[in-house]
Amino acid sequence: MNTPRFGLPNILVAQAHKEITHNESLSRIDALLHMAVVGAATTPPDLSVSDAGKCWLVAAPAIGVWQGQEKSVACWNGGSWDMIAPTSGMTIWHEQQQIALRFRAGAWRQATPVNSPQGG
């Protein structure tokens with residue numbers, strides 16, 4: 001059983017190896033908090049263990065292990081990809097474009113910047 005919004009795995013009563021479930025949840029929370037993506041790509045980049053924590057938006061048409069994951073956020077955990085399905089209102093920072101993106105109406109859209117206060 002997972003949490004309803006972000007699919008974080010719950011620890012079950014009498015579960016063996018609870019640390020695996022707990023660590024998986026921490027890894028997903030680490031990716032979700034103040035989420036930033038390096039960029040968007042259709043295919044996974046070649047990464048090493050030292051690249052753990054880097055994330056990408058999965059663009060269409062995705063291929064390889066990203067196939068069928070378009071619009072998701074792919075986060076490298078040092079050995080494999082954690083796929084995070086977007087939820088309405090999710091906001092990410094796009095490092096290459098230096099813009100905030102928000103997921104709404106089934107698509108990633110540039111977030112509307114807040115105007116500076118004027119007139120006192």
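The figures that follow rest on heavy atoms only: side chains count, while hydrogens, waters and symmetry mates do not.
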*Asks:* How close do P86 and W108 get, heavy atom to heavy atom, and via which atoms?
*Replies:*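 What the structure gives for the nearest pair is CB-CZ2, 3.6 Å.
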*Asks:* Nearest 0.5 Å please: distance from the CG atom of L101 over to the CD1 atom of I99.
*Replies:*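 Reported to 0.5 Å precision, the distance equals 4.5 Å.
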*Asks:* What donor-acceptor contacts under 3.5 angstrom involve side-chain atoms of residues 53-70, with partners at least two apart or in another chain?
*Replies:*
from	atom 1	to	atom 2	distance (Å)
K54	NZ	D51	OD1	3.0
Q69	OE1	S72	OG	3.4
E70	OE2	A62	N	2.9

*Asks:* Restricting to side chain to side chain donor-acceptor pair (under 3.5 Å), what partner residues turn up for T91, sequence neighbours left out?
*Replies:*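 Only R102 meet the side chain to side chain donor-acceptor pair (under 3.5 Å) criterion with T91.
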*Asks:* Taking all non-hydrogen atoms of both residues into account, name the closest pair between E95 and A36 and its distance.
*Replies:*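 That would be OE2-CB, 3.7 Å.
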*Asks:* Can you tell me which residue pairs pass the salt bridge (Lys or Arg N to Asp or Glu O under 4.0 Å) test with a partner in residues 108-120, sequence neighbours excluded?
*Replies:*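 Qualifying pairs: none.
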*Asks:* Does I84 belong to the same Ile/Leu/Val/Met/Phe/Trp/Tyr cluster as W76, with side-chain heavy atoms less than 4.5 Å apart forming each link?
*Replies:*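 No, separate clusters.
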*Asks:* Using distance only, find each side-chain donor-acceptor pair of residues 110-120 under 3.5 Å and give its atom names and separation, not counting sequence neighbours.
*Replies:*
none

*Asks:* Is there a continuous path of hydrophobic side-chain contacts, each under 4.5 Å between heavy atoms, that joins V37 to M90?
*Replies:*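 Yes, same cluster.
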*Asks:* Using a side-chain heavy atom cutoff under 4.5 Å and only I, L, V, M, F, W and Y, what cluster partners does V49 have?
*Replies:*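 Via sub-4.5 Å side-chain contacts, V49 links to none.
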*Asks:* Examine M83 and L47 and state if one hydrophobic cluster contains both, with Ile, Leu, Val, Met, Phe, Trp and Tyr joined whenever side-chain heavy atoms are less than 4.5 Å apart.
*Replies:*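 They do share one cluster, since a chain of ILVMFWY contacts under 4.5 Å joins M83 to L47.
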